[in-house]
Protein chains: 2
Amino acid sequence: MNRERVIATAVRLADTEGLEALTMRRLGEDLNVKAMSIYNHVANKDDLINAMADAIFSEIELPSHSDEWKPAIRKRSISFRDVLARHAWATTVRDSGTNPGPGTLRHHDRVIGTFRNGGFSIEKTAHAFSAVDSYIYGFAMQEKSLPFTTQEETAAMAAVMLAQLPTSEYPYLAELTADHVLKPGYSYGDEFLVGLDLMLDGLETMRDTDQAFE
Amino acid sequence: MNRERVIATAVRLADTEGLEALTMRRLGEDLNVKAMSIYNHVANKDDLINAMADAIFSEIELPSHSDEWKPAIRKRSISFRDVLARHAWATTVRDSGTNPGPGTLRHHDRVIGTFRNGGFSIEKTAHAFSAVDSYIYGFAMQEKSLPFTTQEETAAMAAVMLAQLPTSEYPYLAELTADHVLKPGYSYGDEFLVGLDLMLDGLETMRDTDQAFE
DNA sequence: ACCTGAACACCGTTCAAGT
DNA sequence: ACCTGAACACCGTTCAAGT
């Protein structure tokens, strides 16, 4: 048993049963050890969760500096969102704040480098980094908070909610639900690329505009 | 004592001492009542937090249908971000999922209506709604997770982090920190409007483009 | 160096009992 | 109708004791 195995097991537990199922006692069971032994490998639960967040950051496909910035950032953004969907608990965790791990640092360095080599000034790189990552995080959070995943579930859930909704009070919400969400083939996940491409196109314009955003 | 007072007191407690300080026993103290009495007014802690989330949604400035969509959405987006900054715990909560309260429904209806009256098709309204709100949520989350708030704190913190950073391993991150974050006048909060306006301009283009995003 | 039993100070929540 | 004491089954974490 080592730190790595503790973290990997904790990630698997949070993935399959949610962050609230991740208790030291339960994690101990999964590791065939008593809860107190875990403290030989992590300082405390905060340290553990921080390490988990850093571990999944390493799963994100790194953009290549040699690629064009736009397809490179697009690819890694899609990968980022996939990772956050796979580890839903991570959308509400955010390590990085106080002491980011090596996976997080490496990822950020590469993203910043991709913008810089793509012709973005330092200021514009900061804008781009903030804008894209905010969008990705926010989208992953919204997606996570939806009470359904499959299309059948969505349709069933939306139908129930629409039936309960005082439609005269919320006419626009009712219209959107009836004429869009309930339409066959609707999937909230499809919205991701729309917003992402909007943002990337905006960044391209910004990059090529003098001063405007500095 | 009534439900409203319970919720308002809980919001105040979470605002000032964080969500982890919000326990039923502690909330009881603030209400001058024993913890168990609270259950006369809320079903359980989940119900309480859901109600709290709905309560702060009502604080967001509603866009007016009669205004131009762009300034109207811009104004309410700034207000939304202010509310999330004021109630940092709310960025990780998200009720709406299963059973949104009246404050949430009313807000969503107005936003949707503003896009519809601004000439957005139903599909494009769905795109716009998702894109803007994802950005706002994500930005608020990033802002919350920063370990500093004032400019002095930022500078001090960034200096420490930069000193610890293996700069040869993360050259781009080091450059951004040294030449941007550490510059006088830097404030991460300023990034909000940059990304927001990028998104709003993108939405305007999308609105006026045939089919493209439908 | 790693594991463990017992213990401490907490949680959310139930329930029977009070007014 | 609202409040409460006692209790239950949990938490994270410490510490002395074991190998």
Side-chain angles (χ1 to χ4, degrees), chain A residues 1-56 87-90 92-95 97-99 101 145 147, chain B residues 1-56 87-90 92-95 97-99 101 145 147:
Chain A
M1 191 165 76
N2 53 28
R3 187 172 221 264
E4 214 176 309
R5 194 161 89 82
V6 170
I7 294 162
T9 307
V11 167
R12 210 173 313 123
L13 177 56
D15 287 352
T16 53
E17 305 190 36
L19 202 58
E20 71 282 354
L22 176 66
T23 68
M24 300 305 268
R25 284 167 176 86
R26 179 65 201 305
L27 178 57
E29 277 180 43
D30 286 13
L31 288 162
N32 287 315
V33 107
K34 300 297 165 201
M36 313 87 209
S37 308
I38 300 170
Y39 288 90
N40 283 307
H41 304 99
V42 299
N44 49 41
K45 199 175 179 182
D46 258 19
D47 178 38
L48 171 65
I49 287 180
N50 222 43
M52 289 166 65
D54 193 61
I56 68 147
H87 308 290
W89 51 270
T92 48
V93 163
R94 300 289 285 111
D95 85 314
T98 345
N99 55 342
S145 78
Chain B
M1 198 176 58
N2 53 26
R3 187 171 221 264
E4 213 175 313
R5 194 162 89 82
V6 170
I7 294 162
T9 307
V11 167
R12 211 173 313 122
L13 178 55
D15 287 352
T16 53
E17 305 191 35
L19 203 58
E20 70 281 356
L22 177 65
T23 68
M24 300 305 269
R25 284 167 174 87
R26 179 70 199 317
L27 179 57
E29 276 179 43
D30 286 15
L31 289 162
N32 289 316
V33 108
K34 300 295 165 200
M36 314 84 209
S37 308
I38 299 169
Y39 289 90
N40 284 308
H41 304 97
V42 300
N44 50 40
K45 200 177 177 180
D46 258 19
D47 178 39
L48 171 64
I49 288 180
N50 221 46
M52 288 165 67
D54 193 61
I56 69 147
H87 308 289
W89 52 269
T92 49
V93 163
R94 299 291 284 111
D95 84 315
T98 345
N99 55 342
S145 78

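FYI, side chains are in, hydrogens and waters are out, and symmetry mates aren't considered; it's all heavy atoms of this structure. Just so it is clear: chains get the letters A, B, ... in the order the sequence lines come, proteins before strands, and each one is counted from 1.
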(request) Measure across A55(B) and I7(B) and return the closest heavy-atom pair with its distance rounded to 0.1 Å. (result) CB-CG2, 4.1 Å

(request) Write down the atom of L48(B), the atom of A10(B), and the distance for their closest heavy-atom approach. (result) CD1-CB, 4.0 Å

(message) Pairs counted only when both distances fall under 3.5 Å, Watson-Crick or G-U: show me the 5' to 3' dot-bracket for DNA chain C, [ ] for pseudoknotted crossings and | for other-strand partners.
(response) ||.|||||...|||||.||

(request) Please collect all salt bridge (Lys or Arg N to Asp or Glu O under 4.0 Å) contacts where either partner lies in residues 1-14 of chain A, sequence neighbours excluded, each pair once. (result) R3(A)-D47(A)

(message) Suppose the criterion is side-chain hydrogen bond (donor to acceptor under 3.5 Å, both in side chains): which pairs have a residue in residues 13-25 of chain A, not counting sequence neighbours?
(response) D15(A)-H87(A), D15(A)-W89(A), E17(A)-R26(A)

(request) Go through residues 11-37 of chain A and report each residue with a non-hydrogen atom lying under 4.0 Å from DNA chain C, sorted by number. (result) R25(A), V33(A), K34(A), M36(A), S37(A)

Please set out all donor-acceptor pairs under 3.5 angstrom arising from side-chain atoms of residues 27-40 of chain A, sequence neighbours excluded.
residue, atom, partner, partner atom, Å
S37(A), OG, K34(A), O, 3.4
N40(A), ND2, S37(A), O, 3.4

(message) Expected output is a numbered-order residue list: members of residues 39-46 of chain A with a heavy atom under 4.0 Å from any atom of DNA chain C. What is it?
(response) N40(A), H41(A)

(message) How long is the straight-line distance from CG of L13(A) back to CG of L19(A), given to the nearest 0.5 Å?
(response) 9.0 Å

(request) With a 4.0 angstrom cut-off to heavy atoms of chain A, pull out the first and last contacting nucleotide of DNA chain C, in 5'-to-3' order. (result) dC2(C) to dA7(C)

(request) Please tell me if the side chains of M52(B) and L22(B) come closer than 4.5 Å, counting only heavy atoms from C-beta onward. (result) yes

